[in-house]
Amino acid sequence: MTYEEMVDGCRRRNAKAQRALYDELAPMAAGVCRRYSTDRDEAHDMLQDGFVKIYERIGSLRDPQKLRSWVYNIMVNTCIQHYRRARYTVLMEMDSDIAEREADLPYSMEDIVRALDTLTPMQRMAFNLCYAEEYSYEEAAKQMGCSKGAVKVCLCRARRLLREFLEQESEKVKDN
């Protein structure tokens with residue numbers, strides 16, 4: 001089914017078209033949600049919330065060829081809204097797309113996820129927005145509801161903490 005057919009079918013609330021859209025874009029959307037969550041259950045909740053918004057707002061999509069980026073943006077915004085609702089409890093991980101490149105990394109995905117878990121929620125949010133989502137400092141500050149300077153401080157501390165954690169993990173491997 002083409003994007004045009006999926007969008008048209010979803011606008012008519014056709015279950016087959018909704019399922020086709022979900023099957024096509026859920027893996028990408030789930031990767032976004034995993035990056036912004038601490039566990040699979042939380043990511044699944046974000047994914048469901050995002051797809052509810054997608055189905056409710058599909059009528060506002062002007063160009064069906066931009067469906068993928070439109071869905072991506074809705075998922076990122078859903079995750080950010082989830083973070084804002086539970087600002088001090090949200091933890092973030094890298095998404096599953098990075099797992100494909102894991103063999104090229106000097107650290108395992110488990111090490112990277114554990115390293116990210118050592119960051120504060122604000123540091124994780126800044127890290128994800130600036131490095132994973134490629135937001136500018138200004139855009140990240142706006143999304144996080146803080147100053148550009150606060151984003152830079154969070155990133156500086158996050159990089160230092162990640163480096164220290166990964167160096168310690170590397171030392172543990174060498175000692176064994």
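Predicted, not measured: the structure shown is a model, and the values here were computed from it.
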Closest heavy-atom contact between [X] and [Y]?
X      : Y      : result
Arg34  : Arg40  : NH1-N, 3.3 Å
Ile74  : Gly50  : CG2-O, 3.9 Å
Ser136 : Glu139 : N-OE1, 2.8 Å
Tyr3   : Pro64  : CB-O, 3.4 Å
Leu47  : Ala29  : CD1-CB, 3.5 Å
Glu24  : Arg68  : O-NH1, 4.4 Å

Practice task
State whether the number of non-hydrogen atoms from other residues, nucleotides or ligands found under 6.0 Å of Arg11 atom CZ is greater than 12.
Solution key: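 Enclosed.
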
Practice task
Report the C-alpha separation of Asp49 and Val52 in whole Å, then their side-chain angles, then the decisive distance to 0.1 Å, and conclude whether the side chain to side chain contact (heavy atoms under 4.5 Å, CB included) test is met.
Solution key: CA-CA 5 Å; Asp49 290 347; Val52 167; 5.7 Å; no

Exercise for the section: I would like to know whether Leu129 and Ile80 meet side chain to side chain contact (heavy atoms under 4.5 Å, CB included); could you show each step before the answer? Expected result: CA-CA 10 Å; Leu129 288 173; Ile80 290 170; 3.8 Å; yes

Problem - Single-linkage hydrophobic cluster, 4.5 Å side-chain cutoff, Val32 and Tyr22 together - result: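 In one cluster: yes.
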
Nearest 0.5 Å, please: how far is [atom2] in [Y] from [atom1] in [X]?
X      : Y      : atom1 : atom2 : answer
Arg13  : Gln18  : CZ    : CD    : 7.5 Å
Cys154 : Arg159 : SG    : CZ    : 11.0 Å
Gln168 : Thr118 : CD    : OG1   : 9.0 Å
Gln81  : Met46  : CD    : CE    : 11.0 Å
Leu61  : Met6   : CG    : CE    : 11.5 Å
Tyr131 : Leu155 : OH    : CG    : 4.5 Å

Handout entry: Arg124 (side chain) donor-acceptor with Asp117 (main chain) under 3.5 angstrom
Key =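 Yes, Arg124 side chain to Asp117 backbone: donor-acceptor pair under 3.5 Å.
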
Problem - Any donor-acceptor N/O pair, Asn128 side chain to Arg35 backbone, under 3.5 Å - result: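 Yes: the side chain of Asn128 pairs with the backbone of Arg35.
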
For a 4.5 angstrom cut-off between non-hydrogen side-chain atoms, does [X] reach [Y]?
X      : Y      : answer
Leu162 : Phe127 : yes
Val151 : Lys148 : no
Phe165 : Leu116 : no

Practice task
Would you please test Met1 and Leu21 for side chain to side chain contact (heavy atoms under 4.5 Å, CB included) and show each step?
Solution key: CA-CA 9 Å; Met1 194 177 277; Leu21 185 142; over 6 Å; no

Practice task
Just jot down the salt bridge (Lys or Arg N to Asp or Glu O under 4.0 Å) partners of Arg12, sequence neighbours excluded, or say none.
Solution key: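 Partners of Arg12 by the salt bridge (Lys or Arg N to Asp or Glu O under 4.0 Å) criterion, ordered by chain and then number, come out as Asp8.
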
Practice task
Check the pair Glu164, Arg160 against salt bridge (Lys or Arg N to Asp or Glu O under 4.0 Å), reporting the backbone distance first and the verdict last.
Solution key: CA-CA 6 Å; Glu164 289 172 0; Arg160 180 179 46 83; 3.6 Å; yes

Exercise for the section: Could you pull out all residues at least two apart from Lys16 that satisfy side-chain hydrogen bond (donor to acceptor under 3.5 Å, both in side chains)? Expected result: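 Per chain and number, Lys16 pairs via side-chain hydrogen bond (donor to acceptor under 3.5 Å, both in side chains) with no residue.
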
Practice task
Quick one: sort the Phe51 and Tyr55 rings into parallel, tilted or perpendicular, breaks at 30° and 60°.
Solution key: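 Ring orientation of Phe51 relative to Tyr55: tilted.
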
Exercise for the section: Would you check, one step at a time, whether the test side chain to side chain contact (heavy atoms under 4.5 Å, CB included) holds for Ile54 with Trp70? Expected result: CA-CA 9 Å; Ile54 289 164; Trp70 184 77; 3.8 Å; yes

